[in-house]
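Accompanying notes for the structure given below.
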Amino acid sequence: MEDQKPEDFKRELGLLDGTMLVVGSMIGSGIFIVSSDMVRQLGSAGWLIAMWVLTGVITVIAAVSYGELSAMFPKAGGQYVYIKEAYGKLVGFLYGWSFFAVIQTGTIAAVGVAFAKFAAYLYAPLSDKNILYEIGDFKLNAAQIVSIITIILLSYVNSRGVKNSKILQTVLTVIKILSLAGLIIFGFMAAKAEVWDANWTNAWASQSMDVTTGSWMPISGTTLISAISAALVGSLFSSVAWEGVTFIAGEIKNPKRNVGLSLFLGTLIVSVIYILANVMYLAVVPLQGIATAESDRVAVVASQVIFGSVGTLIIAVMIMISTFACNNGLIMAGARVYYTMAQDGLFFKKAAELNKASVPAWSIWAQCIWASALCLTGKYGDLLDFVVIIVLIFYILTILGIFILRKKMPNAERPYKAFGYPFLPGLYIVIASAICLALLYTKTSTSGWGVLIMLIGIPIYYLTKAKE
């Protein structure tokens with residue numbers, strides 16, 4: 001089969017599909033879980049909501065800033081293309097390498113494992129406690145098998161053409177939005193005035209919980225900064241992957257308009273849902289209950305208050321739908337990046353081929369194999385820390401790329417200009433850089449590994465380049 005031209009992508013996705021891909025890829029399991037750890041770090045209602053508002057604001061700023069780049073380069077590969085155009089092939093390769101090694105595949109693995117964890121609520125033997133095979137230190141559990149099966153199944157659906165995955169994505173995401181909206185509305189109806197008042201009494205008294213004793217300690221100064229950065233890992237991880245729609249720009253109708261609009265609408269919808277969900281948690285669960293939720297499953301605790309004993313099953317089914325749709329979006333979008341890299345001679349040649357259904361099937365399966373391998377490491381908690389720092393670094397570089405490309409290509413067609421330029425993109429760069437530095441300082445071991453994995457790409461780039 002000879003290499004096919006990128007024009008062979010079929011433009012089958014409209015504005016609704018693009019927006020649903022953004023929403024579907026962003027909402028995984030995070031919103032149901034991470035608030036628990038955030039409360040342990042910061043210990044107050046005001047700080048919890050402030051972190052989600054800050055995350056929402058910077059996510060929407062980043063997304064609308066990407067609109068300028070997506071309109072300039074309306075083709076497959078998205079963020080990778082923007083970085084390569086702004087900084088050249090080496091930095092483009094470093095992004096693609098990090099994307100394949102950790103960002104996309106690590107996120108797919110973590111989301112797959114979250115699916116399996118909640119499937120165990122419906123059928124206990126699927127739990128990660130059910131060890132199927134043991135050799136030395138390596139233990140294979142049922143949850144890992146379930147997550148790998150879902151990744152293989154979704155990769156198969158995606159390899160059959162963009163139409164199937166588009167329908168699956170839109171239907172599951174609509175169900176996901178409606179069920180979350182339902183949870184929030186029923187939550188407000190079940191709100192207890194005494195819980196709400198108690199949670200907001202000392203709304204800005206920052207304190208952190210000692211996990212062993214369950215007691216609270218007031219925090220300030222550098223300890224508070226460190227707690228803020230630790231809390232932000234949760235809300236930021238719940239709010240990544242919105243850029244996936246830029247990767248499939250080659251399959252979107254009228255991409256110059258629809259990619260940027262999907263980014264804005266998608267991130268805005270998700271940010272509003274996230275903030276409302278946390279306000280709802282504070283209306284039905286005491287802070288202590290949020291902080292001590294079993295396995296951090298704060299949504300399960302809230303749902304039990306709202307719906308009684310059946311609440312656990314309701315949330316389990318919601319999270320299974322949510323993570324399944326999330327991984328469908330991640331698998332669909334990710335493969336387009338390796339395809340575009342291969343077109344530029346920066347990835348395996350086979351990845352540059354489209355199959356009969358006009359999708360990069362080889363890329364989809366390569367991604368599937370590596371994500372499945374990451375499921376077996378069982379270290380997906382660490383993967384999240386790896387992922388957040390690298391994702392943020394590349395978000396910063398991409399938005400800085402807007403400034404660089406305005407100098408490098410002053411006459412390029414820009415159907416859409418970054419909103420609030422240069423102030424808002426500049427503000428994003430400052431805030432996100434501060435969060436990165438705080439992460440490197442407070443979570444040196446895991447974040448450091450993330451940066452190291454990214455830098456390993458440099459020798460790999462030169463070694464593979466020498467063979468050309």
Side-chain angles (χ1 to χ4, degrees), residues 9-31 59-60 62-64 66-67 69-71 73-82 99 103-104 107-108 111 151 154-155 157-178 180 238-274 321-340 357-360 363-364 367 391:
F9 273 130
K10 291 180 182 161
R11 294 203 182 271
E12 291 188 349
L13 307 171
L15 178 62
L16 174 69
D17 303 313
T19 306
M20 290 300 108
L21 179 72
V22 175
V23 174
S25 301
M26 282 178 76
I27 305 177
S29 56
I31 185 58
T59 302
V60 174
V64 293
Y66 270 49
L69 299 167
S70 67
F73 306 108
K75 50 183 189 271
Q79 187 170 356
Y80 156 73
V81 176
Y82 315 153
F99 188 81
I103 297 175
Q104 201 73 350
T107 308
I108 291 169
V111 172
I151 292 168
L154 286 168
S155 297
V157 171
N158 274 280
S159 71
R160 308 290 294 170
V162 78
K163 204 170 234 170
N164 302 337
S165 35
K166 161 187 111 165
I167 294 165
L168 182 66
Q169 187 67 30
T170 301
V171 170
L172 288 178
T173 303
V174 169
I175 294 171
K176 184 182 341 194
I177 294 171
L178 292 175
L180 261 167
S238 307
S239 307
V240 297
W242 45 265
E243 71 282 6
V245 72
T246 69
F247 306 146
I248 59 158
E251 289 144 286
I252 287 192
K253 299 167 191 162
N254 190 3
K256 290 181 179 183
R257 168 184 175 266
N258 286 342
V259 175
L261 208 47
S262 306
L263 284 167
F264 169 65
L265 292 172
T267 51
L268 184 66
I269 290 167
V270 173
S271 300
V272 169
I273 288 174
Y274 281 178
I321 292 169
S322 184
T323 47
F324 201 72
C326 181
N327 257 355
N328 182 57
L330 294 170
I331 288 165
M332 174 166 35
R336 274 62 179 175
V337 175
Y338 324 127
Y339 166 84
T340 311
S358 299
V359 290
S363 294
I364 291 171
Q367 172 179 261
V391 167

Verify, without hydrogens or angle tests, whether [X] (side chain) and [Y] (backbone) share a donor-acceptor contact under 3.5 angstrom.
{"X": "K176", "Y": "S322", "answer": "yes"}
{"X": "Q104", "Y": "F99", "answer": "no"}
{"X": "S25", "Y": "C326", "answer": "no"}
{"X": "K166", "Y": "E12", "answer": "yes"}

Drop me the distance from [X]'s [atom1] to [Y]'s [atom2], to the nearest 0.5 angstrom.
{"X": "Y274", "Y": "T267", "atom1": "OH", "atom2": "OG1", "answer": "11.5 Å"}
{"X": "N158", "Y": "L330", "atom1": "CG", "atom2": "CG", "answer": "10.5 Å"}
{"X": "L268", "Y": "W242", "atom1": "CG", "atom2": "CH2", "answer": "14.0 Å"}
{"X": "N258", "Y": "L16", "atom1": "CG", "atom2": "CG", "answer": "10.5 Å"}
{"X": "T173", "Y": "L168", "atom1": "OG1", "atom2": "CG", "answer": "8.5 Å"}
{"X": "L261", "Y": "I252", "atom1": "CG", "atom2": "CD1", "answer": "11.0 Å"}

Please find the pair of heavy atoms, one from [X] and one from [Y], that lie closest to each other, and give the distance.
{"X": "L263", "Y": "G67", "result": "CD1-N, 4.3 Å"}
{"X": "N327", "Y": "T107", "result": "OD1-O, 4.3 Å"}
{"X": "S165", "Y": "N328", "result": "O-ND2, 3.1 Å"}
{"X": "A335", "Y": "S363", "result": "O-CB, 3.5 Å"}
{"X": "V359", "Y": "V162", "result": "CG1-N, 3.7 Å"}
{"X": "F9", "Y": "A76", "result": "CE1-CB, 3.6 Å"}

Notebook entry, point to check: In terms of side-chain geometry, is the basic nitrogen of R336 or E251 positioned less than 4.0 Å from the acidic oxygen of its partner?
Noted result: yes
Do [X] and [Y] have side chains that get closer than 4.5 Å, going by heavy atoms?
{"X": "I273", "Y": "I31", "result": "no"}
{"X": "L265", "Y": "V22", "result": "no"}
{"X": "T246", "Y": "Y80", "result": "no"}
{"X": "R257", "Y": "L15", "result": "yes"}
{"X": "V245", "Y": "L13", "result": "no"}
{"X": "D17", "Y": "Q169", "result": "no"}

Note to self: Counting neighbours of CZ on R11 that are heavy atoms of other residues, nucleotides or ligands and sit closer than 6.0 Å, is the number greater than 12?
What the structure shows: yes
Next item on the list: Could you tell me which residues satisfy salt bridge (charged side-chain N to carboxylate O under 4.0 Å, His left out) with K256, sequence neighbours excluded, listed by chain and number?
Entry: E413
Note to self: Just to verify, what does Y338 make a side chain to side chain donor-acceptor pair (under 3.5 Å) with, not counting sequence neighbours?
What the structure shows: Q367
Next item on the list: I would like to know whether I177 and M20 meet side-chain contact (heavy atoms from CB on, under 4.5 Å); could you show each step before the answer?
Entry: CA-CA 10 Å; I177 294 171; M20 290 300 108; 4.0 Å; yes
